Amino acid sequence: MNRRKEFTRNIVLLSVLSYLFLHISGLYLNPISAYEQAERSGHYGPSEMKHIEDYVSGKLILGTYDRWVSYTTIHRTGFFFWRPRGVNAFEYDRSKPLDYSRGIENQFYRLYGIVNDASIDQVEITLGDGTVLSQTDLYEDLFLFTWEEGGYPKSIRGYDAEGNLVYQEATGY
Amino acid sequence: MKIDKGLLGGSTVLMLLSLLRENDMYGYEIIRELEQRSDQTFQFKEGTLYPLLHKLENSGYVRSYTATGDTGKQRKYYKITEGGLKQLAEEKRMWQVFSASVNKVLGGEVHAFAR
Amino acid sequence: MPSPGKEEFLGKVLRQIRFPFDRAGIRAELADHITERIDHYIELGYDQEHAEQAAVSDMGDPTQIGIELNKEHSPLLGWLWKASGLLVSLVILLNVLYVVPMLTMSLFSGHDTGHIPESSIFYEVEVDEIVRLDDRVIHFSKVIYDRAGNLHIFYEHYNVLLRGGWGVFHYIGSIRDDLGNTYGGGAGSGTGGLPRKGYRVVTGFSPEARILFIKYDLYNRHYEVKVPLPVGDVRE
């Protein structure tokens, strides 16, 4: 075979093998595809993505699907590949002004949820050790807190744009 | 008698492919065969064979491989390909047309202005 | 003793060759030719030095030959070809590293995938039912009830698109019987490979149950598998 033919053959081989590799390995070149597969292989979704953020292992995506709220983690692997990790979801109570659930991944504690009462502009939680965490720019109607120390929050509160307390509850954690 | 290189250029590919159709050969062998068969008529600068052989390989008419000859020496041999055989047939046809035309001009037939 | 005439000739040719990886091959081919030509002149009675001069002279103008050869050894195609070869090796390596283990890998989480000695089997039922969740095809193959009251459920699953990364399928649904009993998750395990095998064992399953229900109802996905069970002492 001459060089030109070999080169062409290599390009074809490269395309086929690359596709095969990505397809069968469950690795993805773009994080959104990994996210979609994470949901599908977990038999969940498809969600409406409302927030995406980077963290040390990769990306985290917050979304809603029907009566559930979820956060899904995608890990970066091998420089440019993305691997689906976990889908965490809970069915939320629409009658409450806000609803939430918790998650944990290695050193990260997380609290995520949804605001049902549109007047709530700010969500605050108080951790076991007294630390107060606050989020004012909500991700559409979703919120997410991530922290490393202090244990799970004891209470959660929602405030309106003027700073008036709209809702609070003890989490029971 | 030495042949003018201009003429040689046109039919070298034809002769090369024809030789390789009979046998796989390496460069020096090809030169030797050309000299012997043409009774020393065709003698040209031997190094110029190689760009031609490499060009034929790039065109896909021949393919090279390393093999050990009778003496135990490893050399680069050339082998004609399917495409090469087709090209050979085409070159042969063109050569026959060409030489027939030359013959005609030289007086093989009577023409209008030969008066 | 090195032959300057020959070396000088080869040097001049190679100076014209832009693609470095082809130089060795070209050098060897031309060197072999010159050597054989030298031998020819020696046979004719020339001495080493004159044989070499004659042989090199017969070769022609090295720079011209080099220029013509260089036209047939395009560096662009050369580098592209080399890069493509490397990438193919890389992708083959990736496939071997990732894909092969995936197709043959086993994982264990406690239980062996169900070797139950004949003597402890109370009854065995061929289920042979296929259900589907998204792109996952699940084939419930059989259930075995043993004399200790354990119900063993065997199934296999694979991704219909043969897509990887779909992991173990752990939660197969709620397990109930026709008497109204609901059974806890039970221990499970699975293997990799294709198709993946899954296994679940539920303890304290009622010997009077006539139907086993495996019902999946999560995130708007559902299936239900009903397995009629033999009642009475079915084994001698």
Side-chain angles (χ1 to χ4, degrees), chain B residues 2-6 8-9 12-13 16 19-20 24-36 38 40-79 81 83-84 87, chain C residues 5-19 21-44 51-81:
Chain B
K2 287 276 182 69
I3 299 289
D4 170 45
K5 237 176 115 209
L8 187 62
T12 318
V13 172
L16 280 186
L19 283 178
L20 289 176
D24 295 357
M25 291 183 196
Y26 63 93
Y28 190 75
E29 259 188 317
I30 293 172
I31 297 289
R32 245 187 7 230
E33 277 300 308
L34 276 174
E35 284 181 355
Q36 277 173 19
S38 68
Q40 312 305 316
T41 310
F42 292 143
Q43 287 177 347
F44 51 101
K45 291 303 178 190
E46 298 175 15
T48 61
L49 172 71
Y50 290 96
L52 189 50
L53 281 172
H54 289 206
K55 187 179 167 81
L56 290 179
E57 186 166 21
N58 281 345
S59 305
Y61 299 144
V62 305
R63 139 175 111 68
S64 65
Y65 60 93
T66 314
T68 317
D70 301 327
T71 55
K73 172 122 180 79
Q74 285 232 321
R75 283 198 180 80
K76 189 174 174 189
Y77 281 79
Y78 291 87
K79 181 187 193 56
T81 62
Q87 184 64 17
Chain C
K6 174 175 165 187
E7 289 308 312
E8 201 187 318
F9 174 86
L10 292 171
K12 283 189 179 153
V13 172
L14 292 180
R15 232 193 304 285
Q16 302 301 324
I17 307 298
R18 300 270 170 270
F19 187 56
F21 295 97
D22 284 343
R23 287 188 194 132
I26 288 170
R27 178 184 222 289
E29 199 176 11
L30 291 175
D32 285 349
H33 186 118
I34 295 172
T35 304
E36 218 168 327
R37 196 64 175 162
I38 289 174
D39 289 345
H40 161 87
Y41 279 114
I42 287 176
E43 264 170 42
L44 291 180
E52 189 178 322
Q53 273 173 24
V56 168
S57 164
D58 284 350
M59 291 301 279
D61 175 7
T63 305
Q64 204 45 46
I65 290 169
I67 290 171
E68 292 302 310
L69 268 176
N70 184 48
K71 287 181 189 167
E72 302 309 321
H73 290 263
S74 152
L76 176 64
L77 178 60
W79 286 114
L80 284 176
W81 166 78

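This one's a predicted model, so the numbers in the text were calculated from it and none came from an experiment. Per chain, numbering begins at 1; letters A, B, ... match sequence-line order.
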For chain C, which of B:Arg32, B:Arg75, B:Glu29 has the most heavy-atom pairs under 4.5 Å?
-> B:Arg75
Ordered numerically, the heavy-atom neighbours of chain B under 4.5 Å found in residues 55-65 of chain C are C:Ser57, C:Asp58, C:Met59, C:Gly60, C:Ile65
Say you draw a straight line from CG of C:Asn70 to CZ of C:Phe19; how long is it, rounded to the nearest 0.5 Å?
-> 11.5 Å
Before giving the answer on side chain to side chain contact (heavy atoms under 4.5 Å, CB included), spell out for B:Thr12 and B:Leu49 the whole-Å C-alpha distance, their side-chain angles and the decisive distance to 0.1 Å.
-> CA-CA 9 Å; B:Thr12 318; B:Leu49 172 71; 5.8 Å; no
Compute the centroid of each ring, for C:His40 and then for B:Tyr28, and state whether the two points are separated by less than 6.0 Å.
-> no
Look at atom NZ of B:Lys55 and say whether more than 12 heavy atoms of other residues, nucleotides or ligands are closer to it than 6.0 Å.
-> no
Roughly how far apart are C:Arg15 CZ and C:Arg23 CZ, rounded to 0.5 Å?
-> 10.5 Å
Any chance you could lay out the side chain to side chain contact (heavy atoms under 4.5 Å, CB included) test for C:Leu14 and C:Arg27, step after step, and finish with the verdict?
-> CA-CA 7 Å; C:Leu14 292 180; C:Arg27 178 184 222 289; 3.8 Å; yes
Any residues in residues 56-74 of chain B near chain C, with a heavy-atom distance under 4.5 Å, and which are they?
-> B:Asn58, B:Lys73, B:Gln74
CD1 of C:Ile17 to CD of C:Glu72, rounded to nearest 0.5 Å, is 10.0 Å
Could you check whether the rings of B:Tyr50 and B:His54 sit parallel, tilted or perpendicular, using 30° and 60° as the cut-offs?
-> perpendicular
Sidechain-backbone polar pair: C:Glu52 side chain, C:Gly5 backbone, donor-acceptor under 3.5 Å = yes
Value for CG (B:Leu34) from CD (B:Glu46), rounded to nearest 0.5 Å, stands at 10.5 Å
Please round to the nearest 0.5 Å and tell me the distance separating atom CZ of C:Arg18 and atom CG of C:Leu76.
-> 14.5 Å
So which of C:Glu68, C:Lys71, C:His33 has the biggest tally of heavy-atom pairs under 4.5 Å with chain B?
-> C:His33
Which answer fits C:Ile26, side chain, backbone, both or neither, if we ask what part of it has an atom under 4.5 Å from a heavy atom of chain B?
-> side chain
